[in-house]
Amino acid sequence: MLEITCPFCGPRSETEYINGGPSKVNRAESPDGFTDSEWVDYLILAPNPLGPVKEEWCHIMGCSLWFTITRDTVTHEILPSPETSNE
Amino acid sequence: MAKYSYDHDKARLSMQKYSLFSLACKTLNNHQGWRQAWRTLPLKNEYEILIIGAGGHGLATAYYLAKYHGITDVAVIEKGWLGGGNIARNTVTIRSNYMRDESIPFYVKSLELYEQLSQELNYNLMYSKRGMIDVIQTYPKLREIKRRMLSMHLHGSTYKSLDIEELRRQIPPLTGGGPDSRLPIISSMLHTDAAVCRHDAVAWGYARAADDYGVEIHQNTAVQRLLKGADGSIEGVITNRGKIRAKKIALAVSGHTTTLTDTVGLQLPLRTFNLTAFVSEPVKPLLDVIVNCPDLGVYLNQSDKGEIVIGGASDVGQSFRRDIKQDVFEDSVRATLELFPSFKRLKLLRQWGGALDIAPDATPIISKTKIPGLFVSAGWWGGFKAIPAGGLTFAHLIANNENHLLNEPFTLDRFDHLNFILESGTTAH
Ligand SMILES: Cc1cc2nc3c(=O)[nH]c(=O)nc-3n(C[C@H](O)[C@H](O)[C@H](O)COP(=O)(O)OP(=O)(O)OC[C@H]3O[C@@H](n4cnc5c(N)ncnc54)[C@H](O)[C@@H]3O)c2cc1C
Ligand SMILES: [Zn+2]
């Protein structure tokens, strides 16, 4: 089980969180400039590396904050990356 | 459906046949003189077709390429040992109770092929068609399963209701889930086509039969990256033993597909997760069907050795780790004990996980790619049951450059218009 640090509540066990998958590039600000296939790629593709991946977690049983961590998919080690997002 | 008139049985090397007679003869001879089940040959630097991954899908594909298409200039390249991947890690459930019109015929075909595979491969797969019972504890699940039943009946798969009395008669240790429990059992279903078989034997049987046609199997040969030629089509691979060239390359690397396609800039809609299982010490026979508990997220069967094999949940978040986390493990144990309280006294022997990739719609991918000559068979979340049909159709696609009727719905271009074939699956994988 992982110990994940919520930027607001501090370190809590993994079972308090839900995983929102790897962080993606933001959606286009002006959708008109996007082709259909770019939209499809945005919807279906996600990074799947052997190693560190930046991903979104939500402290659903705590403060409900969404934030980003970098986690190694092989060792499960959480790497230092203090950035948070509240989108 | 494609019919094959072309069987290359004559092209076979003389495989030693396993039979009661050969066993008796070799016994008299102190078991001297058994030949190795497959050969280890020097690695060449070029083949007509390279198959990456000696798991169930890779080896079955090699076998059907030789058997139905007469193509034997084929090497199966494996980074570890043959049959050491997910085929060694699954819970051996073979079933066809899927939801979609595109999926059910594929799995019905796979079960048909499995049923006669021991004879076909001359290899005892210990196939046991024992049926699977779904224990249902919530109304949404019941509705979903009834809908599944109706679509299965359209495609010749079998699913029928069992009343609770009959359910308890068929599964004596199922004493939980009574009227006063947290989630009382409200219904149950029997899928009579479901079976189990010896997982390793599937890899070994296909390997031996493919080898017999002249296919080469190279273990301890890891593909590090794929190579594209100047014209953009696939050209070969770089391995720890050097470069190997081939104009057709087929990926069957379950869980590690994107690791390889990333090396040629091909992005595929696949994410890898760790799915878990554990087994108990062997006990006397007490469970002769597969039991699936979709509302609790566990499923179990008893192996021929007597172990209770329990399939649990997957980890949250992508993972290549192949172990089981304590909380996932405890949840699965707790769920099992809700329905099978007497299993509290079972001692557990081993627990493990396996890295499997999955597409956004949970349906497999058997497809050409944007790179000419590069084919993928991936997204095998519950892909042990799919090995015969997966191999048959993948071989057809690679040999002819066109889809088999059964894999046509499973190509990558379904994503172009987001034509998802949504399969939530039941819990049993
Ligand atoms: C716990 C668990 C329970 C499961 N239960 C069931 C079940 O009950 N029913 C069911 O139908 N399915 C089940 N599955 C799924 C099933 O095991 C897989 O879908 C199936 O085995 C995948 O196909 P395969 O046999 O070809 O894969 P694998 O056996 O994993 O073969 C892929 C091979 O590719 C090799 N490889 C990877 N990368 C490289 C490289 N770069 N170079 C060379 N070789 C490489 C690997 O070493 C591996 O041997 C389960 C899986 C798990 C983990
Ligand atoms: Zn919090």
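Note on naming: letters A, B, ... go to the chains in the order of the sequence lines (proteins, then strands), and numbering restarts at 1 for each one. Note that this is a predicted model, so its numbers are computed, not measured.
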Calculate, to the nearest 0.5 Å, the distance between atoms [atom1] and [atom2] belonging to [X] and [Y] respectively.
| X | Y | atom1 | atom2 | value |
| --- | --- | --- | --- | --- |
| B:E330 | A:T15 | CD | OG1 | 10.0 Å |
| A:N48 | B:L268 | CG | CG | 10.0 Å |
| A:H76 | B:F320 | NE2 | CZ | 10.0 Å |

Min side-chain heavy-atom separation [X]-[Y] under 4.5 Å:
| X | Y | result |
| --- | --- | --- |
| B:V316 | A:W57 | yes |
| A:N19 | B:Q318 | no |
| A:L2 | B:K325 | yes |
| A:D36 | B:H417 | no |

Please lay out, stage by stage, how B:D416 and A:V40 fare under the test side-chain contact (heavy atoms from CB on, under 4.5 Å). CA-CA 7 Å; B:D416 292 350; A:V40 168; 5.6 Å; no
Contacting region of [X] [heavy-atom separation from chain A under 4.5 Å]:
| X | value |
| --- | --- |
| B:F329 | neither |
| B:T259 | side chain |
| B:D361 | neither |
| B:D327 | both |

If I measure from the heavy atoms of chain B, does A:V53 come under 4.5 Å with its side chain, its backbone, both, or neither?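 Contact with chain B involves no heavy atom of A:V53 at all.
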Sort out for me which residue in A:L43, A:D41, A:I44 forms a side chain to side chain contact (heavy atoms under 4.5 Å, CB included) with B:P269.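 Running side chain to side chain contact (heavy atoms under 4.5 Å, CB included) over A:L43, A:D41, A:I44 with B:P269 returns exactly one hit, A:I44.
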[atom1] of [X]: more than 12 outside heavy atoms within 6.0 angstrom?
| X | atom1 | answer |
| --- | --- | --- |
| A:R12 | CZ | yes |
| A:F8 | CZ | no |
| B:R241 | CZ | yes |
| A:K24 | NZ | yes |
| A:M1 | CE | yes |
| B:W81 | CH2 | no |

Show the nearest heavy-atom pair for residues A:R71 and B:G317, with the distance to one decimal.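 Scanning both residues completely, I find the closest heavy atoms to be NH2-C, 3.6 Å.
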Quick check: closest heavy atoms across A:P22 and B:R271, and the distance to 0.1 Å?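 Heavy-atom minimum between the residues: CD-NH2, 3.6 Å.
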